[in-house]
2 protein chains.
Amino acid sequence: MQLEYIYCKKMKLTRYTDYALRALIYLAAHDGGLVSIRQIAQAHDISQNHLMKIIQDLGAAGFVKTTRGRHGGLALARPAAEITIGQVVRHTEGDSRLVDCSTCRIAEGCSLPDVFSEAREAFLAVLDKCHLSDAARTPDAFRHLFVV
Amino acid sequence: MQLEYIYCKKMKLTRYTDYALRALIYLAAHDGGLVSIRQIAQAHDISQNHLMKIIQDLGAAGFVKTTRGRHGGLALARPAAEITIGQVVRHTEGDSRLVDCSTCRIAEGCSLPDVFSEAREAFLAVLDKCHLSDAARTPDAFRHLFVV
DNA sequence: TCTATAGATGCATTAGAAATGCATGATTAG
DNA sequence: CTAATCATGCATTTCTAATGCATCTATAGA
């Protein structure tokens with residue numbers, strides 16, 4: 001009596017956000033040192049192309065500072081303790097509304113948009129309590145990132 | 001100096017959840033009366049096939065009570081005041097984790113899974129404060145649903 | 001009993017967006 | 001001048017939600 005037609009239920013973050021966080025955490029672990037995109041991509045075995053564009057984006061948004069040319073690379077634009085997960089997710093997942101009521105017939109008198117908006121804020125509020133510098137459970141949790 | 005390569009940033013709910021909520025709100029507005037799937041699909045101009053499976057799912061989950069055969073239809077299985085938006089979303093978007101750390105190299109010492117888990121709960125907690133019976137801004141906001 | 005109407009179910013297909021790959025340009029150290 | 005690195009645009013692939021179609025089951029009423 002169970003549904004055969006299984007829906008892969010979501011409510012997941014995009015890989016875009018995933019990679020952004022991994023990159024930022026990597027930079028935070030290197031505490032100021034210049035790191036190349038290639039290095040991060042290889043460390044996580046993820047698409048360098050995709051990561052490149054994400055870094056681009058993070059650079060324009062003021063999260064990282066990029067340096068071109070030989071011996072170039074990335075570094076956090078601000079201290080890791082001043083960047084929250086919420087700030088990052090807010091940016092990578094967009095600031096737009098969670099729901100699209102443009103085609104809904106009951107949008108007029110419906111209170112759900114407000115409720116979802118509030119829920120989203122509550123979600124981000126929790127993420128705002130966590131900083132890049134808090135991502136590691138223990139001080140040396142990400143030590144292996146240094147060992148190339 | 002802006003990125004040409006635009007990422008359609010998400011963090012959106014699926015249409016599956018969207019339709020589920022619309023259907024439940026429709027039923028709540030009809031307060032006990034039997035309503036057909038076709039009727040809801042036409043009222044919102046959405047895919048009857050998709051809605052059919054969603055209703056199926058909602059039936060199995062105990063949100064609605066379906067009646068087959070001629071003059072059959074749907075009704076809420078419980079009072080609208082006892083069904084929260086959070087309960088519905090929890091079901092339609094799945095109870096699984098928000099992030100997939102299975103392939104992440106730093107999953108061991110990373111605290112983000114816990115943070116996201118907490119954020120998700122905060123999100124749902126807000127949605128749990130809202131019941132189907134609260135969806136309408138005013139008592140007669142959805143009156144036009146009756147006028148077929 | 002027969003028929004019309006409703007939900008139940010499975011499978012195939014489409015659509016849309018995220019993710020990826022590729023090619024090329026721009027910048028800088030040595 | 002060259003190698004290394006980020007910057008950018010476009011094409012392609014991949015994934016999965018969304019949809020469509022066909023058929024089965026159940027029930028009311030003529």
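Quick note on labels: first sequence line is chain A, next is B, and so on, each numbered from 1.
The aromatic rings of Phe123(A) and Phe116(B) sit tilted relative to each other, their planes meeting at an angle between 30° and 60°.
Remark: Gln56(A) is not in phosphate contact with dC6(D), judged by side-chain N or O atoms under 4.0 Å from OP1 or OP2. Proximity of Ser47(A) to the phosphate of dG21(C): a side-chain N or O atom is located under 4.0 Å from OP1 or OP2. Phosphate proximity of dG16(C) to Arg15(B): absent, as no side-chain N or O sits under 4.0 Å from OP1 or OP2.
Gln48(A) places a side-chain heavy atom less than 4.5 Å from the side chain of Arg38(A). The shortest side-chain heavy-atom distance between Val99(A) and Asp18(B) does not fall under the 4.5 Å cut-off.
Across all strands shown, Ile37(A) has heavy atoms under 4.0 Å from sugar-phosphate atoms exclusively, and none from any base.
Rounded to whole angstrom, the span from the CD atom of Glu93(B) across to the C1' atom of dT16(D) amounts to 13 Å. Taking atom NZ of residue Lys65(B) and atom P of nucleotide dA8(C), one finds them 12 Å apart after rounding to whole Å. Taking atom CG on Leu58(A) and atom C1' on dC6(D), their separation rounds to 14 Å, with Å as the unit. Met52(B) places its CE atom 14 Å from the P atom of dT19(D), with the value rounded to the nearest Å. One can place CG of Asp45(A) at 15 Å from C1' of dA19(C), the figure rounded to the nearest angstrom. Between the OH atom of Tyr16(A) and the C1' atom of dT14(D) there is a distance of 19 Å, given to the nearest Å. Rounded to whole Å, the distance from CD on Gln48(A) to C1' on dA7(D) is 13 Å. Distance Arg38(B) CZ to dG7(C) P: 9 Å, rounded to the nearest Å.
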task = Summarise how protein sits on nucleotides 21-30 of chain D as a single string, 5' to 3': B when a protein heavy atom is under 4.0 Å from the base, S for sugar-phosphate-only contact, - for no contact.
result = B---BBBBS-
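One finds the CZ atom of Arg78(A) at 9.0 Å from the CG atom of Leu132(A) (value rounded to the nearest 0.5 Å).
If you find the closest nucleotide of DNA chain C to Tyr19(A) and to Gly73(B), the one lying nearer the 5' end belongs to Gly73(B).
A salt bridge links Asp128(B) and Arg90(B); the closest N-O separation between the charged side-chain nitrogens and carboxylate oxygens is under 4.0 Å. With salt bridges taken as basic N to acidic carboxylate O contacts below 4.0 Å, none links Lys53(B) and Asp57(B). Between Arg137(A) and Asp114(B), at least one side-chain N (NZ, or NE/NH1/NH2) sits under 4.0 Å from a carboxylate O, which counts as a salt bridge.
Among dT8(D), dA19(C), dA18(D), the nucleotide with an atom closest to any side-chain atom of Thr14(A) is dA19(C).
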